[in-house]
2 protein chains.
Amino acid sequence: MLNERSLTVHQDCDQCPIRHRAVCARCESDELERLEEIKYYRKFEAGQMVIWSGDKMDFVGSVVSGIASLTQTMEDGRTQMVGLLLPSDFVGRPGRLTAAYDVIATTDLVMCCFRKSPFEEMMLRTPHIAQRLLEMTLDELDAAREWMLVLGRKTAREKIASLLAIIARRDASLHMTTRAQDGSVAFELPLTREAMADYLGLTLETVSRQISALKKDGVIVLAGKRHVTVPDLERLMEEAGDDTDGGMLV
Amino acid sequence: MLNERSLTVHQDCDQCPIRHRAVCARCESDELERLEEIKYYRKFEAGQMVIWSGDKMDFVGSVVSGIASLTQTMEDGRTQMVGLLLPSDFVGRPGRLTAAYDVIATTDLVMCCFRKSPFEEMMLRTPHIAQRLLEMTLDELDAAREWMLVLGRKTAREKIASLLAIIARRDASLHMTTRAQDGSVAFELPLTREAMADYLGLTLETVSRQISALKKDGVIVLAGKRHVTVPDLERLMEEAGDDTDGGMLV
DNA sequence: AACTTACTTTGACGCAGATCAATTCCGTGG
DNA sequence: CCACGGAATTGATCTGCGTCAAAGTAAGTT
């Protein structure tokens, strides 16, 4: 799967996250119309498989609402999440026949899809789309590599802080956070502890313990299990060991 | 940096790994000539920095000979290699101003470069190049994500086996391995123990210990510190915990 | 041949995070 | 309202890998 770093939120239609004009601001408008014609929606329930690794992929698309995850699994069951698809993120691989990872609906999910072959044909006709997709894919590659540093070198506490910082940043850019006058940021955790563990290469117990520790140290405040308030985003990012000012991740 | 998954080895010129006709088999030949015109070579010694993270990138190119690594570093010095550039791999990010990672010559290195702006102009003129680069970048993304599984979920022994399997496979595709009649494969390890550790998210001591263990168990045979013989590639891949038949990595 | 320097191996020990095991929390439906 | 079940917490213990330290190896230099 290609994923994330959307074609950005549709301005004209709050149902569909793909702002076609962002894909290709310089294309002839009839191409854009054609894109509109081959569009359709798919819904998934939390926990449902969207795509199995190795399956034939006959569509590309993007997330309208909900969260999906890209996951790799070893025969013995160990799993690693390799990407998180938030609303506006792109899924699919122009030019590829089969899916490389499992895609799972983490929450209830709505996707806006395009049949792959017409999309690809259009890509061939309109060069700016390939250029835009290249741009997006490079962003994803950056994100994946930033995540490699997290997985390979960070401590459990730093990993949790990194993930929270990323979600806070991403949610902020989608205006999903509450930002109080004192600068604190609040958001809803979209992942179970287990999903976080799979993303971070940890166990769910370690995730739980580190969240408790961050809470005890006042880095975050929890209301219920899922509602997180970050009093000081700077502090959280220090905890994450982040040099990267605001490197875009996921 | 974009990297790896080359524009493949030049057929006409063994000096230059970029087979321009592979980039764009369908372009007009004068475009290819133009690419030839803006080409130049750069040499680096082992250990030299090719590019600093954050620096302005004014060229793209590919590795002719030697090995380079893409590395991320935290302020406290922890480092994670996020990519390995072998001969024929591509470096550079069309459409990006600055480098996202350090690029370091792991061995003596020769690169074939193109000044970035003419290359980009050409990319705009010849759509197949953007499509080819998209293809390559998607491959890299797959590789990065496969590596996330290695970093997040595999044991030290599996990590080492994974790395050796990848190098063996990569070298084989470049005809750099010796393949004996009994099916064993032999190659030269291009990395120090420390570099391997940085790639695998381990310490050099653990790398050394696991290599000794694999040797003791007959999975590999060492002649000197660097020359590796793999009697049974299947066995090595089992040790790597590899489901992926032959997923391209690095 | 002796010295230097960088790389590698091996050992002893400690700790971060995994594993195993009980509760507790909380949302949902009867 | 209670009861049920998945999610989360917390505790006790184990272990793989990191850390610190020392010694071995190989290639280049004088």
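Just so it is clear, the structure is predicted and the values come from calculations on it, not from any experiment. So you know, we letter chains A, B, ... as the sequences are listed, proteins then strands, and number each from 1.
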Validation row: [X], [Y] side chains within 4.5 angstrom (heavy atoms):
{"X": "B:Arg145", "Y": "B:Leu149", "result": "no"}
{"X": "A:Ile167", "Y": "A:Leu86", "result": "no"}
{"X": "B:Val228", "Y": "B:Leu222", "result": "yes"}
{"X": "A:Phe187", "Y": "A:Val230", "result": "yes"}

Inset, instruction - Please list, by residue number, the residues of residues 203-220 of chain A whose heavy atoms come closer than 4.0 Å to an atom of DNA chain D; answer none if no residue qualifies. - result: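 Hits under 4.0 Å, by residue number: A:Glu205, A:Ser208, A:Arg209, A:Ser212.
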
Legend entry - Atom pair CD/CH2 of A:Gln80 and B:Trp147 - distance to nearest 0.5 Å: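 Going from the CD atom of A:Gln80 to the CH2 atom of B:Trp147 covers 13.0 Å.
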
Legend entry - Of all pairs that satisfy side chain to side chain donor-acceptor pair (under 3.5 Å), the ones with a partner from residues 205-216 of chain B, not counting sequence neighbours: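 Matches after skipping sequence neighbours: B:Thr203-B:Thr206.
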
Inset, instruction - Return each pair, listed once, that meets side chain to side chain donor-acceptor pair (under 3.5 Å) where at least one residue sits in residues 158-168 of chain B; pairs must be two or more places apart or across chains. - result: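 As it turns out, the side chain to side chain donor-acceptor pair (under 3.5 Å) pairs with a partner in residues 158-168 of chain B, which skip direct neighbours, are A:Arg78-B:Glu158, B:Lys154-B:Ser162, B:Thr155-B:Glu158.
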
Legend entry - Summary of salt bridge (charged side-chain N to carboxylate O under 4.0 Å, His left out) pairs that have at least one residue in residues 222-236 of chain A, sequence neighbours excluded: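 Every pair satisfying salt bridge (charged side-chain N to carboxylate O under 4.0 Å, His left out) with a residue in residues 222-236 of chain A: A:Arg235-A:Glu239.
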
Legend entry - Where chain A begins and ends its contact with DNA chain D, read 5' to 3' at 4.0 Å from heavy atoms: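 Contacts span D:dA8 to D:dA12, reading 5' to 3'.
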
Inset, instruction - Just call it for B:Gly47: base, sugar-phosphate, or nothing, with non-hydrogen atoms closer than 4.0 Å on any strand. - result: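 Contact class for B:Gly47: none.
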
Inset, instruction - Classify the nucleic acid contact of A:Arg226 as base, sugar-phosphate or nothing, counting any heavy atom under 4.0 Å across all strands shown. - result: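 The residue A:Arg226 makes sugar-phosphate contact but no base contact.
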
Legend entry - Start and end of the DNA chain C segment that chain B contacts, any atom under 4.0 Å from a heavy atom: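 Nucleotide range in contact with chain B: C:dT8 to C:dA12.
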
Inset, instruction - Let me know which of A:Val50, A:Leu85, A:Val110 forms a side-chain contact (heavy atoms from CB on, under 4.5 Å) with A:Val63. - result: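 Per the side-chain contact (heavy atoms from CB on, under 4.5 Å) rule, the option paired with A:Val63 is A:Leu85, out of A:Val50, A:Leu85, A:Val110.
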
Legend entry - Earlier contact from the 5' end, DNA chain C, for A:Gly224 and A:Gly201: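 Closest to the 5' end, via its nearest nucleotide, is A:Gly201.
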
Inset, instruction - State, without any angle test, whether B:Thr79 and B:Asp198 hold a side-chain donor-acceptor pair at a distance under 3.5 Å. - result: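 There is such a pair (donor and acceptor under 3.5 Å, judged by atom type) between the side chains of B:Thr79 and B:Asp198.
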
